[in-house]
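In what follows, a single structure is set out as structure tokens and then discussed.
So you know, we letter chains A, B, ... as the sequences are listed, proteins then strands, and number each from 1.
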Number of protein chains: 2
Amino acid sequence: MSTSDGRTGPDWRATLRARGLRLTPQRELVLDAVRTLGHATPDQVLAQVQRTATGVNASTVYRTLDLLEKLDLVRHTHLGHGAPTYHFGGSADHFHTVCRDCGTVTEVPTAIARTFAEQLITDQAFQTDMGHLTVFGRCSNCAAHPS
Amino acid sequence: MSTSDGRTGPDWRATLRARGLRLTPQRELVLDAVRTLGHATPDQVLAQVQRTATGVNASTVYRTLDLLEKLDLVRHTHLGHGAPTYHFGGSADHFHTVCRDCGTVTEVPTAIARTFAEQLITDQAFQTDMGHLTVFGRCSNCAAHPS
DNA sequence: CTTACTGCAAATATTTTGCATTTGG
DNA sequence: CCAAATGCAAAATATTTGCAGTAAG
């Protein structure tokens, strides 16, 4: 495989090498899993990884997710409850909406929230970290068919 | 507030009674703690409760917070990491900003986010639950004095 | 009295950590 | 070869649950 295998993107190898870090199969597997799943908790990443390769350890997944996040290859947000949710860092700038009824997670381009962010700066002197924003509520589907 | 005791508000006793639930000292303690602390994890609520009375059990705090939330006497949001944060249900409508550097939590009136919410409905057909909104970023203080 | 509620301890679940072993470069 | 990374198992956390005893109404 060249510098790009079409799955995890072109430059993650370079990003690792640049810092003297090692390219291990586990790291590639975790990165692939995050990308495949879109949004996933460490648990789900582990499950996905183990679908491909056997014996990858949970602690490796935790450690790897931390590492990849430091390198900006993945990001995480808190989509309710306990477990943080990781997603691919390469994806376009977006925040998340989470439906409290069906749990569906949707990516929304940050452009929509631009005015909101500006207002927070003006009124509250608070600089919003858009990529980390999560909006809870109800999706159209669940609003239409109340449980 | 008529029946009020000035701490936990006027009608929590009535709210409990209306459902055939019992008024226990533990429940009052937990409600008081949430109100005193403003924003607190179950752990912090437990600590605060135990400052007043000894021997209140952690599981009682968990169970009580769940119960009080069902009754809309408290609310919770996810302010990062693992533990949910509870706050008093009676407080005015607001959402939270959390500084990722110093961890400071600020309450912001939902009015500011009104346009944002409307845009989410128009563009995404998503009904925002404002009380549950948490915005991560950097407060003015930390932006001014970068660590 | 009746049964909702609490305390306690054990069961779960989740994430972290120390250390010996493996392995990428 | 050597430091970095992994696996493993134990530890640290956080939350839930079953059950017997306590107490609110």
Contact class for B:Gly20 vs. all strands (heavy atom < 4.0 Å): base, sugar-phosphate, or nothing?
-> nothing
Which nucleotide in the set D:dG7, C:dG7, D:dT15 lies at the smallest distance from any side-chain heavy atom of A:Val56?
-> D:dG7
Can you tell me how far P of C:dC5 sits from CG of B:Leu68, to the nearest Å?
-> 11 Å
Indicate whether OP1 or OP2 belonging to C:dA4 is found under 4.0 Å from a side-chain N or O atom of B:Arg63.
-> no
For B:Asp43 and for A:Thr24, locate the closest nucleotide of DNA chain D by heavy-atom distance; then report the residue assigned to the nucleotide nearer the 5' terminus.
-> A:Thr24
Ring centres of B:Phe95 and A:Phe116 under 6.0 Å apart?
-> yes
Pair A:Asn57-A:Ser59, side-chain donor/acceptor within less than 3.5 Å | yes
When rounded to whole Å, the CG to C1' distance for the pair A:Leu46 and C:dA13 reads 14 Å
Quick one: ring pair (Phe, Tyr, Trp, His ring centres under 6.0 Å) pairs with a partner in residues 27-59 of chain B, sequence neighbours left out?
-> B:His39-B:His87, B:His39-B:His96
Look at all strands and tell whether A:Ala83 reaches a base, only sugar-phosphate, or nothing, counting heavy atoms closer than 4.0 Å.
-> sugar-phosphate
To the nearest angstrom, the CG-C1' distance between B:Leu65 and C:dC5 comes to 15 Å
Would you say a side-chain N or O of B:Tyr62 is under 4.0 Å from OP1 or OP2 of D:dT16?
-> no
Provide, to the nearest angstrom, the distance between the OH atom belonging to B:Tyr86 and the C1' atom belonging to D:dA14.
-> 12 Å
Euclidean distance, atom CD of residue B:Gln44 to atom P of D:dT13 [Å, nearest integer] = 15 Å
Side chain to side chain, B:Ile112 and A:Gln124, heavy atoms closer than 4.5 Å | yes
Of the listed D:dG7, D:dT17, D:dT15, the closest approach to the A:Gln26 side chain comes from D:dG7
Provide, to the nearest angstrom, the distance between the CG atom belonging to A:Leu29 and the C1' atom belonging to D:dT6.
-> 13 Å
Let me know the distance between CG of A:Leu16 and P of C:dT23, rounded to the nearest Å.
-> 19 Å
Candidates C:dT3, C:dT6, D:dC2 - which lies nearest the side chain of B:Arg22 = C:dT3
Among C:dT16, D:dT15, C:dT6, the one nearest any side-chain atom of A:Ser59 is C:dT16
Rounded to whole Å, CG of B:Asn57 lies from C1' of D:dT15 at a distance of 12 Å
Closest approach of B:Asp101 to B:Cys142 (non-hydrogen atoms, all atoms of both residues) | CB-SG, 3.6 Å
Whichever of B:Leu23 and B:Asp66 has its nearest DNA chain D nucleotide further upstream toward 5' | B:Asp66
